[in-house]
Number of protein chains: 2
Amino acid sequence: MLDRMTDAEAVEAAGATGAAGAGATEAPGSAGTAGSAEAAGPAGGGSAPRRRAPAGAAVLREDVTQAIRSAVLEELAAVGYARTSIEGVARRAGVGKTAVYRRWRGKLHLVLDIVSALAVEGLPAPDTGSLETDLRLLYEFTSRALRHPVASQIIPDLQAEAARNPEIDEALRKAVRSGQESVALRILAAAVERGELRRGLDEDIALDLITGPLYWRTVILRQPRLPKSHLPTLTRATTAALKSL
Amino acid sequence: MLDRMTDAEAVEAAGATGAAGAGATEAPGSAGTAGSAEAAGPAGGGSAPRRRAPAGAAVLREDVTQAIRSAVLEELAAVGYARTSIEGVARRAGVGKTAVYRRWRGKLHLVLDIVSALAVEGLPAPDTGSLETDLRLLYEFTSRALRHPVASQIIPDLQAEAARNPEIDEALRKAVRSGQESVALRILAAAVERGELRRGLDEDIALDLITGPLYWRTVILRQPRLPKSHLPTLTRATTAALKSL
DNA sequence: TCACGACGGGACGGTTGCGTTGCGACGTGT
DNA sequence: ACACGTCGCAACGCAACCGTCCCGTCGTGA
């Protein structure tokens, strides 16, 4: 699934979310402005630049990091974001709480990290020369992705949480935008270029028409097993709708 | 335990929740309801554990009940289902925890009660003689309903919780089925009768096409302020899609 | 060889919620 | 006048987490 991440990526991501390097000593400092502390890229001068030996072998272990990531996904699916606890994640991952806190500030950063990682997973942009065929391929890919029980459990949960938490909201929108949405836009543009669709069509509504019905069926109604005819029929109807725009 | 209150009674009490006008006229009716409930308590066993006196004036106060109901809605909107606590509800309602526990077994029953009540609020079934006009009216009603911040906060939250809790899931489905869905089906049937739509069209997909795009836009993307042209355009496109089925 | 730091484990004080219980006060049917 | 049950309030013991800290162990690069 998302085990594609390379070592370098994982370490970087971990470092980025969990207070880059030097932060450790400063972290428990006074109230507030913990976030701005990370901004210190170049040595800000001051009294604590002594960067002793980076490390010998005492480096964050990648297998532990991955175990935590997997545990977060499982925990999210099992109990939802609100009830997800660091203790629960650590327990599920078979690691100590400290291992988690060494990498991430807390629950929010942990989840944001993972969501952002999901955003990267690009899906293919079909270009078959036919709007209807392109759409059907997109649907097949999307519906297969949403079929995974973990995804279909986590998505609505984060979605709901996004209404309350701007950071989750942004991460989620970015993920959708970089995935589903950008592909759909490319399909639309190609169809316009071929003359299959009108040139000035309302893109917002077009995206709603493409995304809405399948999302409703798979995520809201949670009916993962669709009859064979479903996607083709849906594709044909959606194509008709788009052409009327 | 709290055998005094049955589930049926809780649901009935929910009926009085009626947002607007209906409540007033229903109020006297609820007296009869209460009476039957009290009679039902001791009558249930038949073994008669000597529950002689229903009560004097020591009866559950309706204003307290309503305060709790309102508080639940506010709490759900503010923090979500998972984080909603009885203590928080009582605090927000300005009542004691005991007042809540005297009426409901716990959080789940409390929420189920309210959700079931919402299901009753029927929305009008337009019948203008034109599929497109009917659809537009349905959309206008629905989008206005979803515009309420309380609703748009609570819905995705309960939706996510439904993936984990079968009882919430059922209540939610029932609410949708008795509302949006039944109206949409009636609109479709009328259009078929008029010959605007094919007779054997796939109802599932038709419902997805009707519901999905607007839900996606208002609940998921949370864009409540739609340009004036939005609903008419969406209606036209959806009509085109339906006619292709 | 040896210092370094991550590892799991366990414990800390503090916070929040659970569901229950007891209290005195209140108001209303019998 | 009386009994009854709800009212708000406060407290109970229990549980789960929070974020931090200290511990002894372990593997590795300098």
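Just the heavy atoms: all of them, side chains too, but no hydrogens, waters or symmetry mates, feed the values below. A note on names: the letters A, B, ... follow the listed sequences, proteins ahead of strands, and every chain is numbered from 1.
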- Distance check: side-chain N/O of B/Arg91 vs OP1/OP2 of C/dG17, anything under 4.0 Å? yes
- Can you tell me how far P of C/dG19 sits from NZ of B/Lys107, to the nearest Å? 9 Å
- Query: Of the nucleotides D/dT20, C/dC18, D/dC7, which one has an atom closest to the side chain of A/Tyr101?
  - Reply: D/dT20
- Task: Figure out the NZ/P separation between A/Lys97 and D/dT20, and round it to whole Å.
- Result: 10 Å
- Who are the side chain to side chain donor-acceptor pair (under 3.5 Å) partners of B/Glu203, not counting sequence neighbours? none
- Base D/dC9 paired with B/Thr98 side chain (donor-acceptor, <3.5 Å): yes
- Mind listing the closest non-hydrogen atom pair of B/Ala151 and B/Ala145 along with its distance? CB-O, 3.8 Å
- Task: Measure the distance from CD on A/Glu62 to P on C/dG5 and round it to the nearest whole Å.
- Result: 20 Å
- Length of the CD1-C1' vector between A/Ile68 and C/dC7, whole Å: 11 Å
- Just checking A/Arg83: base, sugar-phosphate only, or nothing, at a heavy-atom cut-off of under 4.0 Å? nothing
- Do the non-hydrogen side-chain atoms of A/Leu110 and A/Ile86 ever get within less than 4.5 Å of each other? yes
- Message: In this structure, how many angstroms lie between the P atom of C/dG29 and the CZ atom of B/Arg61, rounded?
- Response: 14 Å
- Query: How many Å lie between CZ on B/Arg92 and P on C/dG17, as a whole number?
  - Reply: 12 Å
- Query: How long is the gap from CZ on B/Arg102 to OG1 on B/Thr65, to the nearest 0.5 Å?
  - Reply: 11.0 Å
- Message: Using a heavy-atom cut-off of 4.0 Å across all strands, would you classify A/Gly106 as base, sugar-phosphate, or nothing?
- Response: nothing
- Nearest-nucleotide pick for A/Arg103, side chain only, options being C/dA6, D/dC7, C/dG9: C/dA6
- Interatomic distance, A/Leu209 atom CG to B/Trp216 atom CH2 [nearest 0.5 angstrom]: 12.5 Å
- Message: Could you tell me how far apart A/Glu87 (CD) and D/dA15 (P) are, to the nearest whole angstrom?
- Response: 15 Å
- Query: Closest to the B/Leu60 side chain: C/dG8, D/dT6, D/dC18?
  - Reply: D/dT6
- Quickly work out the B/Trp104 CH2 to C/dG19 C1' distance and round it to whole Å. 17 Å
- Query: Quick one: is D/dG5 close enough that its OP1 or OP2 comes under 4.0 Å of any side-chain N or O from B/Arg102?
  - Reply: no
